[in-house]
Amino acid sequence: MRETEATADARRALEVCNACRYCEGFCAVFPAMTLRREFTSGDLSYIANLCHNCRGCYYACQYAPPHPWNINVPQVLAQVRAETYEEYAWPGPLAGLFKRNGTIVSLAMIAGIALALILTMALVDPSILYTPQQGPGAFYRVIPWWLMVTLAGGTSLFAVLALIMGFRNFWKDTGGRSDELRPGRPLAVALHDILTLKNLGGGGGGCNDVDEGFSQVRRRFHHFMFYGFMLCFASTTTATFYDHFLGHEAPYPFWSLPVQLGTWGGVGMVIGTAGLIWTKIVSDPAPAARNLLGSDYALLVLLFLAAATGLLLLALRDTGAMGVLLAVHLGVIFTFFAVIPYSKMVHAVYRSAALFRHALERRPSPPPPGNKPSDRALGSAA
């Protein structure tokens, strides 16, 4: 990772923190920090993505503003995180999309919806588009199956490839080795921390979501959003199995497994994204990186619309509004997959990788050969 003003400021802040050690038990950042005397750019990238922005260290720090040292760890690590997203993006020429990301996501969403609507209107008879379509294959009578696969399938495959390459770049730059990427206790520990969002609990009492008071609110909203997203993914996977292996065409009955998974997943995403938007609005702006708020809001709004348009489509799928709603929903989903590698959504990949590296660092080291009881016994016998 290149040296920037943000990395220089982060290095200065962590060197002060390493000498102070007051916040040692707050989250995963500080144990990782204390293992280092110096901080390379790769170390800073790793630690910045390990930070969950719980803000506890900001309110506890005696050197935070208005102290002349101006130590603001959450803010400066957020800046470094944003730079890592651009640094590790693949393919490289598209990394510039991270700049003015909120604007890019907004324009992409408008373009995605418009493209889906224009293609739908061009390919489908208006009498079909604006009249109720019911029964198996109703969706495909409005938007051809090949068009759905081309737009959603093509963008999702590209997003997966771009995220894998971004992970590779991050892992290599932070000192990771390919032989470490294997099942074992460190992976199990990392998965536990990822799935429980352990570090959004701060030092145990919660994070400072709004002010100096400790709270679990942001963690709960993240759970709603994360598990809602996973349920929606499970819904899509199950629907694909129904279609390709069981021969059942969408739309499916309300009580079917794909619809139930998608419904509850959509509800979870709506609650989670709306809650996270609310916490950003009411939270103390001092520890935040204000120049990054636009991209934060853009991604949350995009996720909210992905879930909300899906739920609205479910509610009105037997009416004449289904055709337009289906095109709008597909446009939002198309946009979401297209911008994943170039939006804050990549934090899920890099933060997971950082948690895995942290779990590897916490492994107990084997004792030196001379400290083994058998070695001591052999030495005595000799």
Next item on the list: Flag yes if Val301 and Phe337 sit in one hydrophobic cluster, no otherwise; membership is Ile, Leu, Val, Met, Phe, Trp, Tyr, and two members link when side-chain heavy atoms are under 4.5 Å apart.
Entry: yes
Next item on the list: Determine whether more than 12 heavy atoms belonging to other residues, nucleotides or ligands lie under 6.0 Å from atom CH2 of Trp264.
Entry: no
Margin query: Determine whether a donor-acceptor pair (N or O, by modelled atom type, separation under 3.5 Å) exists between the side chain of Arg219 and the backbone of Leu197.
Written below: yes
Margin query: Minimum heavy-atom separation for Tyr58 and Pro65, please, with both atom names.
Written below: CE1-CD, 4.0 Å
Check: Are Arg141 and Glu249 within salt-bridge range, i.e. N to O under 4.0 Å?
Finding: no
Margin query: I'd like to know if the side chain of Asn18 reaches the main chain of Arg36, judged simply by a donor and an acceptor atom lying under 3.5 Å from each other, with no hydrogens or angles considered.
Written below: yes
Notebook entry, point to check: If we only count heavy atoms from C-beta on, is the Met225 to Phe229 side-chain gap below 4.5 Å?
Noted result: no
Margin query: Check for me, please, whether Leu181 and Leu187 land in the same ILVMFWY cluster - side-chain distances under 4.5 Å, paths through other members count.
Written below: yes
Check: Looking at Asp193, Leu77, Leu355, Val29, which one forms a side chain to side chain contact (heavy atoms under 4.5 Å, CB included) with His52?
Finding: Leu355
Next item on the list: Ignoring hydrogens and angles, tell me if any N or O in the side chain of His222 forms a donor-acceptor pair with the backbone of Arg218 under 3.5 Å.
Entry: yes
Notebook entry, point to check: Roughly how far apart are Thr7 OG1 and Glu83 CD, rounded to 0.5 Å?
Noted result: 6.5 Å
Check: Is any side-chain heavy atom of Thr309 less than 4.5 Å from a side-chain heavy atom of Leu325?
Finding: no
Note to self: Using only atom types and a distance under 3.5 Å, with no angle test, would you say the side chain of His347 pairs donor to acceptor with the backbone of Asn49?
What the structure shows: no
Margin query: Looking at Pro287, is its backbone amide N or carbonyl O close enough to the side chain of Gln75 to form a donor-acceptor pair, meaning the two atoms are under 3.5 Å apart?
Written below: no
Notebook entry, point to check: Side chains of Phe336 and Ile340: closer than 4.5 Å at any heavy-atom pair?
Noted result: yes
Check: For Cys232 and Met269, what are the C-alpha separation, side-chain angles and deciding distance, and is it a side chain to side chain contact (heavy atoms under 4.5 Å, CB included)?
Finding: CA-CA 9 Å; Cys232 289; Met269 285 182 64; 3.9 Å; yes
Next item on the list: Would you please name every residue forming a ring-ring contact (aromatic ring centres under 6.0 Å, His included) with Trp146, sequence neighbours left out?
Entry: none
Margin query: Does Arg21, at its CZ atom, have more than 12 non-hydrogen atoms belonging to other residues, nucleotides or ligands within less than 6.0 Å?
Written below: yes
Margin query: Could you report the tightest heavy-atom contact between Ala359 and Pro186, atom names first, then the distance?
Written below: CB-O, 3.2 Å
Check: Side-chain contact, heavy-atom cut-off 4.5 Å: Tyr59 with Asp284?
Finding: yes
Notebook entry, point to check: Is there a path of hydrophobic side-chain contacts, each under 4.5 Å between heavy atoms of I, L, V, M, F, W or Y residues, that connects Leu305 with Leu231?
Noted result: no
Item checked: Worked verdict on Tyr342 versus Glu86 for side chain to side chain contact (heavy atoms under 4.5 Å, CB included) -> CA-CA 8 Å; Tyr342 314 105; Glu86 183 176 352; over 6 Å; no
Check: Do the side-chain N and O atoms of Thr131 and Gln133 include a donor-acceptor pair separated by under 3.5 angstrom?
Finding: yes
Note to self: Below 30° counts as parallel, above 60° as perpendicular, anything between as tilted: where do the rings of Phe356 and Trp171 land?
What the structure shows: parallel
Next item on the list: Would you please test Asp43 and Thr174 for side chain to side chain contact (heavy atoms under 4.5 Å, CB included) and show each step?
Entry: CA-CA 6 Å; Asp43 291 333; Thr174 55; over 6 Å; no
Item checked: Cys57 vs Pro74 side-chain heavy atoms within contact, under 4.5 Å -> yes
Check: Taking Arg11 for the side chain and Phe39 for the main chain, is one N or O donor matched with an acceptor at less than 3.5 Å?
Finding: yes
Check: What pair of heavy atoms forms the shortest contact from Gln79 to Ala289, and how long is it?
Finding: NE2-CB, 3.6 Å
Next item on the list: Inspect the surroundings of CZ in Phe245 and state if more than 12 heavy atoms from other residues, nucleotides or ligands are less than 6.0 Å away.
Entry: no
Note to self: Could you measure the distance from the CG atom of Asn208 to the SG atom of Cys54? Nearest 0.5 Å is fine.
What the structure shows: 7.0 Å
Notebook entry, point to check: Does Leu299 share a hydrophobic cluster with Ile281, counting links as ILVMFWY side-chain heavy atoms below 4.5 Å and allowing steps through other members?
Noted result: yes
Check: Hey, does Arg177 have a side-chain heavy atom less than 4.5 Å from the side chain of Leu360?
Finding: no
Note to self: Apply side chain to side chain contact (heavy atoms under 4.5 Å, CB included) to residues Leu195 and Tyr227 and explain how you reach the verdict.
What the structure shows: CA-CA 9 Å; Leu195 296 176; Tyr227 285 107; 3.4 Å; yes
Check: For the side chain of Asp9 and the backbone of Asn72, is there at least one donor-acceptor N/O pair under 3.5 Å apart?
Finding: no
Margin query: Is a donor from one side chain sitting under 3.5 angstrom from an acceptor on the other, for Thr240 and Asp243?
Written below: no
Notebook entry, point to check: Would you say Arg55's side chain and Glu212's backbone share a donor-acceptor pair under 3.5 angstrom?
Noted result: no
Item checked: Met345 side, atom CE; Tyr85 side, atom OH - distance, nearest 0.5 Å -> 11.5 Å
Next item on the list: Taking Asn199 for its side chain and Ala28 for its backbone only, find out whether a donor-acceptor pair lies under 3.5 Å.
Entry: yes
Notebook entry, point to check: Any idea which heavy atoms bring Pro31 and Glu24 closest together, and the distance?
Noted result: CD-O, 3.8 Å
Note to self: For Ser215 versus Asp209, what's the shortest heavy-atom pair and its separation?
What the structure shows: OG-OD2, 3.0 Å
Next item on the list: State which residues pass ring-ring contact (aromatic ring centres under 6.0 Å, His included) with Tyr63; sequence neighbours excluded, sorted by chain then number.
Entry: His67, Trp69
Next item on the list: Compare all side-chain heavy atoms of Asp173 with those of Glu87 and state whether any distance is below 4.5 angstrom.
Entry: no
Check: How long is the span from the CZ atom in Arg317 to the NE2 atom in His329, to the nearest 0.5 Å?
Finding: 12.5 Å
Next item on the list: Determine whether more than 12 heavy atoms belonging to other residues, nucleotides or ligands lie under 6.0 Å from atom OH of Tyr22.
Entry: no
Margin query: Please check this pair: side chain of Gln216 against backbone of Cys207, looking for a donor-acceptor N/O pair closer than 3.5 Å.
Written below: no
Checklist line | Verify same cluster id: Trp90, Val160 (apolar side-chain graph, 4.5 Å) | finding: no
Notebook entry, point to check: Rounded to the nearest 0.5 Å, what separation is found between the OH atom of Tyr242 and the OG atom of Ser235?
Noted result: 10.0 Å
Notebook entry, point to check: Can you tell me how far the OG1 atom of Thr84 sits from the CG atom of Asn169, to the nearest 0.5 Å?
Noted result: 11.5 Å
Next item on the list: Could you tell me whether the side chain of Met322 reaches within less than 4.5 Å of the side chain of Gln134, counting heavy atoms only?
Entry: no
Check: Closest heavy-atom contact between Leu311 and Thr263?
Finding: CD2-O, 3.7 Å
Note to self: Using a 6.0 Å cut-off, check whether atom CZ of Phe167 has over 12 heavy atoms from anything other than its own residue.
What the structure shows: yes
